[in-house]
Amino acid sequence: MKRILLVVLVCLLPLSALGSEAFILDIPLRFNTQQETGDAKVLLELSAAPTGSQLVVNNGTTLNLGDTNVMIAGDSVSFTAGSAANTALIEYKPLSNFSGDFCNAVATEKQIPMRFAGAQDITGYRVATYIVASPAAECSQVSKHTGDTPAFLTPNDDGVAPALDADYKGRFTYDVALVLDKSGSMSELPPGANGGPTKIEYLKSAVQAFVGNWEVMDAPIGNAEWSHDRLSLVFFDSTAAAQMLAGADAPANVFLQRGSNAWDEVINAANGLAPGSSTSIGAGVNEGMSKWKADSKNDLSMVVITDGKQNTAPLISPTGSGFLGLQPVAGLNQELRKRFIPIQTVGFGLPAQVDDDLLTNIAVETNGQSWLHIDGTTVFDTFANTLIAILKGNTASLAHRVHDTMNGPGPSTTYSVIVDRSPQRVVFSLQWAPPQRFVLDLDAFRPGALTPTAPSKSKLLPQATIKGYDTPAAGVWRAQVKRAAKGDQVNIPYTLNIMFLEKHLDYAFSLDAFKPVVGEKLGIRAVVDWDGKRLAGLPPGSIRARVFQQQQALGTILHDTKRSTNRVPSSIGGDPVSPLDAKLSSFEGRSLTSRIEQKEVAVVVLNEVAPGEYAATFDGTNIPGNYAFEVLMDWTNERTGRVHREERVEQSVRPRVDRAKTTIDTTLNANGTWTITMVPRDSFGNYFGPGYESLITARLLTSGGLRSPHPTDVNQIGAYSWQVSDTLRDQTPVLDIVVDGVPLNPRRE
């Protein structure tokens, strides 16, 4: 009888008591009215499917599984099944903290009691925090992951259920699409090279190292499971094609989950890159996004790599709002900023060959970062930066970078790196250029060790050796590069990137200027956290940046140089060679690249402007082109001990036409037509140079006919001409000219 009574009592227990666990969702203030937390997601990993489970919020409102956008005290709460098996997703939007849009916060800290109730146990959980990606571009939605002052869970026995007892699994998983240019021009040598690997060979090698670095950097600690991050590949020339990967998730079959050596399939597929025809960057972007929309398990980031300018539809171009748009696909908005998918962009070539303005604006408007590398020596740096950017705000940072050359039998000089209390893994990534295969190796030594330390994780690739060391001892680690085997002792340039998988430290850099022009200040800002709390009061000079600038404007060089392009082909593998491309290709060796190399021009110190927020400005933007901030973080603090990190961020500065420096000549031709020629310059006297035809328009203010609103630049020197016919007798034609949005004719004012 007692046994029967016990069974009855168990059956009468409420469902909430079976698997209940209680916790508090804490959404702290970030003290930035434009980027306060607008969304917090908690993914609960369960012992069984979430069927029948409930979520009790504020001890009073119960959500059943599947309830979405339930309003509680002015905030939106959803409780749904996760995309993976045996998971449930909590999404909390603190809408009461905002007025109008997500760039206008009137925020208070949120501490929301929650209780999971169900027949399942919570075995683990992940938390993601989202803020506005680019306040200057779009405020209607939050989409940027941030590790700075993130939301977090605090176990809490609420008197009904015990405190949450589960493993914190860290960040949410990512989907990343690598969108790779295989146009005909990728068969060429990098600018300034007289021989060696082509651009596409560099690209294949860099993609291999990118994948290998990610595998080692973010491999599970100990016996934990692999993160379910996914990778996909899209190749584009005149069209785009997502690559079908063996083992990829259905139904799209292009996104492949990581696992022990699972991403070798991505590496193998990248080796299939072969130069094709023309260039459609828009097709590559749309292909990657549409395939993801068919299988959108995780938040998507994209990496777009190209060596040229788009010349085939669909084109990425300004919309009526002025922001970039692309032919809508798969239910996505026309405007890239409203797709809420960050796009990292990489340009491989000269600034005038690559549409650097387009790539920069794509990144700026979507919360990506943009890098330009002119030659093969920096391509591996760029991909390391890209990986850091994707994982930034969650895990990854760069501790040290070395460019050197292996001469003689080796080994190299000893390189040192300071490892503090934060990293849970240090990764040494050694890379060199093709075609040499498996020719270099490295040894790493823990503090005080006389013999090399065995790595916890490693990856050996044809042009890379990657070694990771778990729970690294704090102190000075050393590394040496050596030859992998005996053989010809050829000189081998290499790059050594030393990266950390962080545990305590998180930081993020941003640039204040939005699409800057010459003469405008460039602002750089850092937000630094330790264990999710702002790290305030760092000693003066703890964060400083070396500023790099071109010494000459490329437009001025091209304006002052007339060159024969007779030997330059009209196309390369079906990829059209424009007159400007032909002129750039006519320069031999490093005669052009050496003149536009970046040089260090200043060092700026980031001073504390708010608790844990540090900022500086640079006001020497007198030359249009690419500017780089090489940031050094180096301090000793009671909370952190000795810390040393490095970071690189880049920004493109455009010329802005100046009426006083610009010349406009009007000439009557023998046949009675008129030629009007404009040579635009900025206020510092820099010539725009060739390549701006699409950004210059004219309207005829007098009688006659204007052949085209856009000019021609016959000699590719930045002298832009229009033809006017059928004017009235003795009347000189007048044009209303606009250069990149700036009117030159006073009548428009």
From Gln550, Gln549, Gln651, residue fulfilling side chain to side chain donor-acceptor pair (under 3.5 Å) relative to Tyr627: Gln549
Side chain to side chain donor-acceptor pair (under 3.5 Å), paired with Ser277, selected from Ser183, Ser571, Ser238: Ser238
Any donor-acceptor pair under 3.5 Å linking the side-chain atoms of [Y] with those of [X]?
X	Y	value
Glu647	Asn385	no
Trp674	Asn669	no
Asp575	Ser185	yes
Ser725	Thr673	no
Thr667	Thr675	no

Option passing side-chain contact (heavy atoms from CB on, under 4.5 Å) with Leu350 (candidates Asp581, Ile596, Leu580): Ile596
With Ile362, the side-chain contact (heavy atoms from CB on, under 4.5 Å) member among Val304, Leu336, Leu326: Leu336
For the student: nearest non-hydrogen atoms of [X] and [Y], plus distance:
X	Y	result
Ile305	Val303	CD1-CG1, 3.7 Å
Val254	Gln243	CG1-O, 3.5 Å
Pro624	Val518	N-CG1, 3.6 Å
Leu700	Ser703	CD2-O, 3.5 Å
Pro680	Tyr720	CD-CD1, 3.7 Å
Phe509	Val631	CZ-CG1, 3.3 Å

Regarding [X] and [Y], does a basic nitrogen lie under 4.0 Å from an acidic carboxylate oxygen?
X	Y	value
Lys515	Glu365	yes
Glu650	Arg648	yes
Lys199	Asp307	yes
Asp682	Arg656	no
Asp658	Arg681	no
Asp736	Arg699	yes

Distance, nearest 0.5 Å, that separates [atom1] of [X] from [atom2] of [Y]:
X	Y	atom1	atom2	result
Asn213	Gln208	CG	CD	11.5 Å
Ile664	Arg659	CD1	CZ	9.5 Å
Thr617	Lys521	OG1	NZ	5.0 Å
Lys291	Leu300	NZ	CG	13.5 Å
Ser586	Lys562	OG	NZ	14.0 Å
Gln327	Ile316	CD	CD1	11.5 Å

Residue that, paired with Glu335, satisfies salt bridge (charged side-chain N to carboxylate O under 4.0 Å, His left out) out of Lys338, Arg337, Arg339: Arg337
Those residues that, when tested against Ala602, pass side-chain contact (heavy atoms from CB on, under 4.5 Å) (two or more places apart): Val547, Phe618
Less than 4.5 Å apart, any side-chain heavy atom of [X] and any of [Y]?
X	Y	value
Val577	Ile572	yes
Pro516	Arg654	no
Val211	Leu231	yes
Pro733	Ile676	yes
Ser280	Pro314	yes
Leu558	Ile717	no
Asp740	Val657	no
Trp371	Asn626	no

Strictly distance-based, threshold 3.5 Å: is any side-chain N or O of [X] a donor or acceptor partner for the main-chain N or O of [Y]?
X	Y	result
Ser205	Glu201	no
Gln716	Asp713	yes
Gln431	Ala206	no
Thr712	Val714	no
Ser591	Phe587	no
His710	Thr697	no
Thr279	Gln310	no
Lys309	Val354	no
Ser652	Asp357	no
Lys293	Gly331	no

Trp214 and Tyr174 aromatic ring geometry - parallel, tilted or perpendicular at 30°/60° bounds: tilted
Ring geometry between Tyr202 and Phe348 (parallel below 30°, tilted from 30 to 60°, perpendicular above 60°): perpendicular
Candidate pair Val679 and Phe688, rule side chain to side chain contact (heavy atoms under 4.5 Å, CB included), full reasoning: CA-CA 8 Å; Val679 180; Phe688 275 53; over 6 Å; no
Test side chain to side chain contact (heavy atoms under 4.5 Å, CB included) applied to Thr662 and Leu744, step by step: CA-CA 9 Å; Thr662 296; Leu744 289 183; 4.1 Å; yes
Thr366/Ile341 under side chain to side chain contact (heavy atoms under 4.5 Å, CB included): CA gap, chis, key distance, verdict: CA-CA 6 Å; Thr366 66; Ile341 296 171; over 6 Å; no
Audit row: Val653, Glu520, side chain to side chain contact (heavy atoms under 4.5 Å, CB included) steps and yes/no: CA-CA 9 Å; Val653 174; Glu520 291 185 353; over 6 Å; no
